[in-house]
Amino acid sequence: MENQSVVRRQRLKLRTRRMARRVLPFVAALFLATPLAAPVAKSKAATTNHQARLVAAPVVTPASLFDQRLHDLYRDLGVEQQGLRYAVFEKAMTGYLNLEAEGKLSGKQLLTVVDFELPSTEKRLWVLDLAAKQVKFHTLVAHGHNSGENMATNFSNENESNMSSLGFYVTQGEYQGKHGRSLKLQGLDEGFNTNAFSRAVVMHGADYVSEDFIRQYGRLGRSLGCPALPMDQKDAIIEAVEGQTCLFLNGSSQQYASKYLNQDVAMSKLLGETQLI
């Protein structure tokens with residue numbers, strides 16, 4: 001009996017080893033196959049995330065790049081803190097670039113901005129050095145007698161209107177007039193300032209453009225339509241801006257329009273033709 005038990009145990013061990021040899025390759029194949037599924041799923045997820053990032057990426061257009069360049073220049077000049085609003089700066093720069101594209105400006109790269117939407121008691125004239133990104137002058141400036149009291153609200157291109165004229169000008173040469181050293185201005189916006197020469201609208205100094213005058217009367221004195229300057233600064237300003245530089249007079253007029261506010265021309269000039277393709 002004992003010998004029979006030994007024989008049965010040996011036969012059982014033999015069958016167990018045979019079954020193990022059959023099952024192990026199958027189990028091994030299962031384990032080998034399982035890791036292959038993980039990289040495939042991970043690859044699909046990575047592709048999906050990459051596609052999502054591509055969809056979310058902002059599209060850079062010439063208009064957005066132009067706006068960014070102007071905002072950068074506006075920030076570098078630091079004129080926001082001085083009260084020059086971006087909307088006015090953008091208009092002035094658009095006109096400047098249009099005039100530059102037409103070859104109407106010299107190489108001084110100066111832009112003079114006057115904002116008649118501000119009261120005469122505030123410094124509302126800026127002379128900007130665009131190359132150096134600096135403000136050369138920031139000062140008071142008078143408006144025309146019939147344009148308003150402290151605020152300029154009425155504008156005209158007519159002779160003897162005694163009003164200021166809005167729009168883009170190109171500075172010309174100096175001369176000695178009844179106000180002393182003065183600067184001729186050529187108005188370029190048809191219907192808005194093109195009578196500047198015949199009206200003798202020029203840049204000159206005046207005693208009524210001063211802080212003392214403001215303290216006494218609560219506003220500046222007024223001209224016959226000229227952008228009059230403080231006497232202690234007029235020589236330096238005239239010397240700086242004479243000779244084909246851009247002057248922009250902004251005001252609160254719904255009628256004002258200008259061919260020099262063409263943004264396509266401004267974009268082409270600022271960005272360059274190759275960057276617009």
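Here the structure is a predicted model, which means the values were calculated and not measured. Side-chain atoms are counted along with the backbone in the values below, which use heavy atoms only and exclude waters and symmetry mates.
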Without swapping roles, check the side chain of [X] against the backbone of [Y] for a donor-acceptor pair under 3.5 Å.
{"X": "H179", "Y": "A228", "result": "no"}
{"X": "S120", "Y": "L220", "result": "yes"}
{"X": "T121", "Y": "P119", "result": "no"}
{"X": "N162", "Y": "N146", "result": "no"}

If we only count heavy atoms from C-beta on, is the [X] to [Y] side-chain gap below 4.5 Å?
{"X": "T245", "Y": "L105", "value": "no"}
{"X": "F192", "Y": "S156", "value": "no"}
{"X": "L130", "Y": "L110", "value": "no"}
{"X": "N195", "Y": "V201", "value": "no"}
{"X": "T94", "Y": "Y260", "value": "no"}
{"X": "F116", "Y": "L249", "value": "yes"}
{"X": "I237", "Y": "M203", "value": "yes"}
{"X": "Y169", "Y": "V114", "value": "no"}

Q) Can you name the residues that form a ring pair (Phe, Tyr, Trp, His ring centres under 6.0 Å) with F89, not counting sequence neighbours? A) Y74
So, [X] and [Y]: side-chain donor and acceptor under 3.5 Å apart, yes or no?
{"X": "D67", "Y": "Y86", "value": "yes"}
{"X": "Q68", "Y": "D72", "value": "yes"}
{"X": "N154", "Y": "S147", "value": "no"}
{"X": "R199", "Y": "S165", "value": "yes"}
{"X": "D115", "Y": "N250", "value": "yes"}
{"X": "E242", "Y": "T171", "value": "no"}

Q | Verdict with supporting geometry, Q186 and F197, side-chain contact (heavy atoms from CB on, under 4.5 Å) | A | CA-CA 7 Å; Q186 179 187 7; F197 273 152; 4.2 Å; yes
What's the separation between atom [atom1] in [X] and atom [atom2] in [Y], rounded to the nearest 0.5 Å?
{"X": "F137", "Y": "W126", "atom1": "CZ", "atom2": "CH2", "result": "15.0 Å"}
{"X": "E117", "Y": "S252", "atom1": "CD", "atom2": "OG", "result": "5.0 Å"}
{"X": "L97", "Y": "S268", "atom1": "CG", "atom2": "OG", "result": "10.0 Å"}
{"X": "S210", "Y": "Q216", "atom1": "OG", "atom2": "CD", "result": "9.0 Å"}
{"X": "K234", "Y": "L229", "atom1": "NZ", "atom2": "CG", "result": "9.0 Å"}
{"X": "Y96", "Y": "L247", "atom1": "OH", "atom2": "CG", "result": "13.5 Å"}

Q: Please determine if R124 and E122 form a salt bridge, counting it only when a charged side-chain N lies under 4.0 Å from a carboxylate O.
A: no
Minimal non-hydrogen separation, [X] against [Y], with atom names:
{"X": "G251", "Y": "F155", "answer": "CA-CZ, 4.1 Å"}
{"X": "L261", "Y": "K91", "answer": "CD2-O, 3.5 Å"}
{"X": "N159", "Y": "S198", "answer": "OD1-OG, 3.3 Å"}
{"X": "T194", "Y": "L188", "answer": "CG2-C, 4.0 Å"}
{"X": "D235", "Y": "R181", "answer": "OD1-CD, 3.2 Å"}
{"X": "N262", "Y": "V265", "answer": "OD1-N, 3.2 Å"}

Should we say atom [atom1] of [X] is surrounded by more than 12 heavy atoms from elsewhere, each under 6.0 Å from it?
{"X": "Q82", "atom1": "CD", "result": "yes"}
{"X": "K123", "atom1": "NZ", "result": "no"}
{"X": "H145", "atom1": "NE2", "result": "no"}
{"X": "Q81", "atom1": "CD", "result": "yes"}
{"X": "E80", "atom1": "CD", "result": "no"}

Would you say [X] and [Y] are hydrophobically clustered, going by side-chain heavy atoms of ILVMFWY under 4.5 Å?
{"X": "V127", "Y": "L140", "result": "no"}
{"X": "Y217", "Y": "V209", "result": "yes"}
{"X": "L224", "Y": "F213", "result": "no"}
{"X": "V79", "Y": "L125", "result": "yes"}
{"X": "L183", "Y": "L111", "result": "yes"}

(Q) Under the criterion salt bridge (charged side-chain N to carboxylate O under 4.0 Å, His left out), I'd like the reasoning laid out for E190 against K259: C-alpha separation, chi angles, the key distance, then a yes or no. (A) CA-CA 9 Å; E190 192 66 42; K259 68 178 183 178; over 6 Å; no
Q: Check the pair I214, R219 against side-chain contact (heavy atoms from CB on, under 4.5 Å), reporting the backbone distance first and the verdict last.
A: CA-CA 5 Å; I214 291 173; R219 59 167 173 78; 6.0 Å; no
Q.
Checking K108 against Q244 for the side-chain contact (heavy atoms from CB on, under 4.5 Å) test, could you report, in this order, the C-alpha distance in whole Å, the side-chain angles of both residues, the deciding distance, and whether it holds?
A. CA-CA 8 Å; K108 286 187 174 183; Q244 294 181 292; over 6 Å; no
(Q) As a quick check of understanding, evaluate side-chain contact (heavy atoms from CB on, under 4.5 Å) for V135 and L128, giving each step before the final call. (A) CA-CA 5 Å; V135 179; L128 309 176; 3.9 Å; yes
Q) So F248 and Y256, would you call those rings parallel, tilted or perpendicular, with 30° and 60° as cut-offs? A) tilted
